[in-house]
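Data block below; observations after.
Index from 1, following the sequence. What you are looking at is a predicted structure, and each value in this text was computed from that prediction instead of being measured.
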Amino acid sequence: MKIRTISGSDVSDAIAGLIREASFNLPPAVEKRFDEMIAAETADTALDTLRVLKENSRIASAEGLPLCQDCGMVIVFVEIGSGVMIDGPLDEAVNRGVEEAYRACYLRKSIVSDPLRRDNTGTNTPAFIHIEHTGNGCLGLTVFLKGGGSENMSSLKMFLPTATGEMILDHIERAVIDAGPNPCPPLFLGVGIGGTADTALLNAKKAVLRGPGTRHPDPFYAGLEDRILERVNRTGIGPLGFGGRHTAAGVFILEAPTHIATLPVALNMTCHSLRYRRTEL
């Protein structure tokens with residue numbers, strides 16, 4: 001097999017570029033989803049709120065301003081293809097790119113070096129890196145910028161395997177109600193089902209990156225996504241908690257095999273500012 005070497009500097013440059021793009025420009029599919037919600041909303045305050053969020057996106061893109069004052073923690077999903085080798089430590093290359101982007105773009109730095117001592121690193125590093133190995137010959141890099149307010153609303157419940165679908169729906173609805181306006185809805189709601197506790201939480205994050213306008217390839221889970229979206233939107237929490245039809249902009253499930261005695265269900269609530277970008281080297 002022919003080995004292809006990718007320089008650490010190319011990785012750093014790619015990460016910095018993805019952060020810049022994600023910080024100032026919502027993905028086209030997210031913009032389209034906003035247009036759909038505006039067209040379907042009937043509550044005056046909710047409609048005004050959605051229009052303000054849409055205008056915020058326009059201003060951020062036009063003037064090179066961050067979409068949100070919380071410029072996020074940097075979560076990086078790395079797909080390393082067979083025959084691909086990185087010249088130098090991958091984590092160092094990723095973190096150099098993060099530091100450069102947050103310095104050059106004047107983005108708010110929100111990472112502390114220790115969870116209890118709370119000293120800011122001043123660079124927004126380290127990034128939170130997740131690595132998978134694939135069969136292609138590319139290096140895939142996905143940057144996901146996640147704000148602290150929505151991250152605080154993450155949840156995990158370990159159901160018994162005898163739990164019904166209705167019990168899971170009730171739990172998700174209650175979690176969204178308890179979160180209220182805190183995760184800045186309309187939410188892009190990721191649901192990780194199965195696996196272990198830690199993989200369910202990770203899959204809940206990965207699920208959101210499937211993106212608006214997509215459906216789960218399995219009709220069973222696609223139907224469950226529809227049911228969750230309907231239940232969540234019936235809560236009436238609405239955009240930024242002001243009421244209305246759109247508490248969630250989308251629901252995305254990622255399932256995994258699990259032990260016969262377990263049924264973990266994890267929720268990743270992502271705010272209306274769904275900031276992610278992907279590239280391949």
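For the atom pair F220 CZ and E255 CD, the distance stands at 9.5 Å (nearest 0.5 Å). The OG atom of S155 sits 5.5 Å away from the CE atom of M269 when rounded to the nearest 0.5 Å. Between R174 atom CZ and T235 atom OG1 the span is 10.0 Å, to the nearest 0.5 Å. Note that OG1 of T279 and CG of L18 are 6.0 Å apart. Values are rounded to the nearest 0.5 Å. Atom CG of N233 and atom CD of E173 lie 10.5 Å apart (nearest 0.5 Å). Here the CG-CD1 distance, from L90 to I6, works out to 10.0 Å after rounding to the nearest 0.5 Å.
Under a hydrophobic-cluster definition in which Ile, Leu, Val, Met, Phe, Trp and Tyr are linked whenever side-chain heavy atoms come within less than 4.5 Å, directly or via other members, L202 and I253 are assigned to different clusters. No continuous path of hydrophobic side-chain contacts links L145 to L53 [ILVMFWY only; heavy atoms under 4.5 Å]. I59 and L67 are assigned to two separate hydrophobic clusters, defined by single-linkage of ILVMFWY side chains at heavy-atom distances under 4.5 Å. Linking ILVMFWY side-chain heavy atoms closer than 4.5 Å, directly or via other members, places I129 and L281 in a single hydrophobic cluster. Under the 4.5 Å side-chain heavy-atom criterion for ILVMFWY residues, no single connected hydrophobic cluster contains both V74 and F77.
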* To do: Would you sort out whether E100 and R103 count as a salt bridge (charged side-chain N to carboxylate O under 4.0 Å, His left out), showing the intermediate values?
  => CA-CA 5 Å; E100 170 59 21; R103 180 195 62 78; 2.8 Å; yes
* Worked verdict on T270 versus L189 for side-chain contact (heavy atoms from CB on, under 4.5 Å) -> CA-CA 6 Å; T270 301; L189 180 60; over 6 Å; no
* Run the side-chain hydrogen bond (donor to acceptor under 3.5 Å, both in side chains) check on D119 and S113 step by step: do they pass? -> CA-CA 6 Å; D119 294 322; S113 59; 4.8 Å; no
* Asked: Could you walk me through whether E21 and R275 pass the side-chain contact (heavy atoms from CB on, under 4.5 Å) check?
  -> CA-CA 9 Å; E21 182 67 17; R275 295 165 288 175; over 6 Å; no
* **Evaluation steps, side-chain contact (heavy atoms from CB on, under 4.5 Å), between H130 and I75** => CA-CA 8 Å; H130 305 282; I75 302 163; 3.9 Å; yes
* To do: Verify side-chain contact (heavy atoms from CB on, under 4.5 Å) between F34 and S57, making sure each step is shown before the conclusion.
  => CA-CA 10 Å; F34 267 99; S57 173; over 6 Å; no
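The backbone N or O of P239 sits nowhere less than 3.5 Å from a side-chain atom of H246 that would complete a donor-acceptor pair. Between the side chain of T123 and the backbone N or O of T125, at least one donor-acceptor pair lies under 3.5 Å. Checking side-chain atoms of R33 against main-chain N and O of G250 turns up no donor-acceptor pair under 3.5 Å. Checked by atom type and distance alone, the side chain of Y221 never pairs as donor or acceptor with a backbone atom of R215 at under 3.5 Å. Checked by atom type and distance alone, the side chain of N124 pairs as donor or acceptor with a backbone atom of G72 at under 3.5 Å. Between the side chain of R245 and the backbone N or O of A40, at least one donor-acceptor pair lies under 3.5 Å. Listed for the S23 side chain is a donor-acceptor partner under 3.5 Å among the backbone atoms of I19. Looking only at distances, a side-chain donor or acceptor of N182 sits under 3.5 Å from a matching main-chain atom of A179. With hydrogens and angles disregarded, a donor-acceptor distance shorter than 3.5 Å links the side chain of S12 to the backbone of A93. At least one donor-acceptor pair closer than 3.5 Å links the side chain of N120 to the backbone N or O of K109.
With respect to the salt-bridge test (charged N to carboxylate O, under 4.0 angstrom), the residues R278 and E79 qualify. Ion pairing of E230 with R234 is present here, as a side-chain N (NZ or NE/NH1/NH2) and a carboxylate O approach within less than 4.0 Å. Looking at R58 and E31, no side-chain N of the basic residue comes within less than 4.0 Å of a carboxylate O on the acidic one, giving no salt bridge. One finds a salt bridge joining K146 and E151 here, because a Lys/Arg side-chain nitrogen approaches an Asp/Glu carboxylate oxygen to under 4.0 Å.
Under the 4.5 Å side-chain criterion, counting only non-hydrogen atoms from C-beta, N95 is in contact with P126. Residues D170 and R231 meet the side-chain proximity criterion, which asks for heavy atoms closer than 4.5 Å. Residues V94 and V11 form a side-chain contact, since some pair of their non-hydrogen atoms from C-beta on lies under 4.5 Å apart. L201 is not listed as a side-chain neighbour of N268, based on a closest heavy-atom distance of 4.5 Å or more. Within the 4.5 Å cutoff, no side-chain heavy atoms of L65 are placed close to those of F24. Side-chain atoms of L156 and P264, non-hydrogen and from C-beta on, do get closer than 4.5 Å to each other. Put simply, the side chain of D35 reaches to within 4.5 Å of the side chain of K54, judged on heavy atoms. Side-chain contact between V208 and Y276: absent, with no pair of heavy atoms (C-beta onward) separated by less than 4.5 Å.
When every heavy atom of L240 is checked against every heavy atom of P181, the shortest pair comes out as O-CB, 3.6 Å. The shortest non-hydrogen separation linking G243 to A46 is O-CB, 3.1 Å. Contact detail for R96 and S9: the closest heavy-atom pair is NH2-N, 4.3 Å. When every heavy atom of A175 is checked against every heavy atom of L267, the shortest pair comes out as CB-CD1, 3.6 Å. Between P161 and L263, the shortest heavy-atom contact is CA-CB, 4.2 Å. The minimum heavy-atom distance linking A248 with V232 is given by the pair CB-CG1, 3.7 Å.
With sequence neighbours left out, the side chain to side chain donor-acceptor pair (under 3.5 Å) criterion links D198 to T196. When the side chain to side chain donor-acceptor pair (under 3.5 Å) test is applied to T45, no partner is found at least two apart in sequence or on another chain.
Cation-pi contact between K157 and F159: present, with separation from the ring centre below 6.0 Å and deviation from the ring axis of at most 45°.
Checked options L224, N203, I168, V265; the residue passing with V191 is V265 (criterion: side chain to side chain contact (heavy atoms under 4.5 Å, CB included)).
Residue-environment remark: CD (E55) exceeds the threshold of 12 foreign heavy atoms within 6.0 Å. Atom CG of D44 has 12 or fewer neighbouring heavy atoms from other residues, nucleotides or ligands inside a 6.0 Å radius.
Classification of the F188-F252 ring pair by plane angle, with boundaries at 30° and 60°, yields parallel.
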